[in-house]
Protein chains: 2
Amino acid sequence: MFHDMGSMGAESGTQAIERAAQLLVRVVEAPQPPSIGELSARAGLPKSTTSRLVGALERQGLVQRLGARGRLRPGPVLLRYASRDASQALAALAQPSLRRLADESGETINLAVPGPDGVEHLAQEDTAHFVGVTDWVGRRVPFELAANGKCFLAFGGGEVEEGDLIRSRGYATSIDELEVGLSALAAPVLGADGAAVSALSISGPTARLTAERIDELAPLLKDEAATLTRRLRGAA
Amino acid sequence: MFHDMGSMGAESGTQAIERAAQLLVRVVEAPQPPSIGELSARAGLPKSTTSRLVGALERQGLVQRLGARGRLRPGPVLLRYASRDASQALAALAQPSLRRLADESGETINLAVPGPDGVEHLAQEDTAHFVGVTDWVGRRVPFELAANGKCFLAFGGGEVEEGDLIRSRGYATSIDELEVGLSALAAPVLGADGAAVSALSISGPTARLTAERIDELAPLLKDEAATLTRRLRGAA
DNA sequence: CCCATGGATCCCATATCGTGGAACATGCGT
DNA sequence: ACGCATGTTCCACGATATGGGATCCATGGG
């Protein structure tokens, strides 16, 4: 009887849960609903064990079956969670990125998504500057005037005049447009279909965010946006 | 030594997983991040056991701690899932409602959410009628012209002329507005803040969807929308 | 129609793994 | 600095998960 224990940094007294949790993760991450057999193969567990574990998860509503004996999908509990707290979840995921950008740039960082009537701000990370930006969370701003709004237009639905420039550079700017003395740059976080699902932006007084400062900050911003894009799709 | 086993329809050979899964569900459903102590109390488990189980869940990324020793939030795996598949999840949750409405009304049912440039259709359930509606999934429609769009305006952001009527009746209609010969009625699915997060609609040829037919179908539609609203928030 | 086929579930003896009380950390409030 | 409240680690015990094989159930082919 083998006890490989090899692949994971396994703690003791949790074999069953560790396994079950792993199965749940696989179901949630899988691009296509797996069957019991596939799961057991991929996880390297006996079918009987897999069946039992999945049964328990199903009883708690964490997993669901397509038919009576069908493939596995995330259960009602997870469906509800996703429908309810999607934007909250995005904000939580992006939080580290916001923090990093705030520290590195010293300016105010925002996470936004496209909404029915304009850009919707989900989260903001401030810095200790006296001349800063007020809290934008919850506020809506027209797409055409904001840097992040332009991202949504350029990478997705609509059109902007600067569209080509924005797409080729990978980020958008808004200088004294939304308000005189207020500037910003924004980079898109892309979804599976290549459209922008959200955007990260750096904003501050035009006095500090000069053209050259923007050039300097752009790579950082794009990098962080790309990181988030990756984190949303792939594993890790 | 107690083995109550009483509260659940417990199957055998899954105590640990059943418990761990229950803990995970509590974390996901909790309006506020619970602490280990709270969890162990609510679940009726010893603190030591709870700690161990949560540890395993954390190792798989299903759960996350605020600080080193802090309160519990959904983990990165779930955050990613929610951010990625939110609308898919909503569609899956609504699916039974769509099916029921389609069967009871004999018309085409749609689930839609408000998007940046109009109403976005997530899912559709058809019936066997010859004169039906084409597939709307993925298509965008201006808010002011569609019944579901009017719901979003009346219960949430914007304004419509019929706003008061819609709010008092609890549903909106669109007769020959989007297209001559096409009519629809729609009821909102409300979020925690009372705004419409999505809408269910019944649409069909004006010839079939007469004023009285609409009066007849409205209660069904409102009822199903209310059910969905409840299912999104509360348990079960 | 009936028998292969492949997959999922059930069964049950075995010993591995989870259990929980108590002791030990850790951090917060005063 | 000293409790107090909250979380973690330890460990002997035995309840509980394990997995090979039998069973069951849908399919589809002969």
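Naming convention: chains lettered A, B, ... in sequence-line order (proteins, then strands); numbering from 1 in each chain.
Within 3.5 Å, no donor on the side chain of Ser51(B) pairs with an acceptor on the base of dG7(D), nor the reverse.
Between the side chain of Thr229(B) and the backbone N or O of Leu190(B), at least one donor-acceptor pair lies under 3.5 Å. A distance-only check finds no donor-acceptor pair linking the side chain of Glu125(A) to the backbone of Asp103(A) [under 3.5 Å]. Here the side chain of Asn110(A) pairs a donor or acceptor atom with the backbone of Ala123(A) at under 3.5 angstrom.
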- Give the intermediate values and the outcome of side-chain contact (heavy atoms from CB on, under 4.5 Å) for residues Val141(B) and Trp136(B). CA-CA 9 Å; Val141(B) 171; Trp136(B) 294 57; 3.8 Å; yes

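A salt bridge links Glu29(A) with Arg80(B): the closest approach of a Lys/Arg side-chain nitrogen to an acidic carboxylate oxygen falls below 4.0 angstrom.
In this structure, Glu38(B) places its CD atom 15 Å from P of dA5(D), rounding to the nearest Å. Spacing between atom CG of Leu45(A) and atom P of dC17(C) amounts to 13 Å, rounded to whole angstrom units. Ile17(A) has its CD1 atom 15 Å from the C1' atom of dT18(D), to the nearest Å. dG7(C) atom C1' lies 11 Å from atom CZ of Arg71(A), rounded to whole Å. Between Lys47(A) atom NZ and dA17(D) atom C1' the separation is 19 Å, expressed in whole Å. Nucleotide dT26(C) holds its P atom 17 Å from the CD1 atom of Ile36(B), rounded to whole Å. Straight-line distance from the CD atom of Glu58(A) to the P atom of dA8(C): 13 Å, rounded to whole Å. The interatomic distance linking Leu39(B) (CG) with dT6(D) (C1') rounds to 13 Å, in whole Å.
For the side-chain contact (heavy atoms from CB on, under 4.5 Å) test, residues two or more places apart in sequence or in another chain that qualify with Ala56(B) are Thr14(A), Ile17(A), Glu18(A), Arg59(B).
The Arg69(B) side chain lies nearest to dG7(D) when the options are dT9(D), dG20(D), dG7(D). Considering only side-chain atoms of Gln15(B), the nucleotide from dT16(D), dC17(C), dG20(D) that sits closest is dT16(D). The nucleotide whose nearest atom lies closest to any side-chain atom of Arg52(A) is, among dT19(C), dA17(D), dC10(C), dA17(D). Comparing dG19(D), dG7(D), dG21(C) against the side chain of Thr49(A) picks out dG19(D) as the nearest.
If you check every strand for non-hydrogen atoms under 4.0 Å, Ser35(A) touches sugar and phosphate atoms only.
Each end of the helix from dC1(C)-dG30(D) to dT30(C)-dA1(D) gets its own axis from five base pairs, and the two axes differ in direction by 50°, given to 10 degrees.
Closest-nucleotide positions on DNA chain C for Arg65(A) and Arg19(B) were compared, and the one nearer the 5' end corresponds to Arg65(A).
In terms of heavy atoms, Pro74(B) sits closest to Gln64(B) at O-OE1, 3.3 Å.
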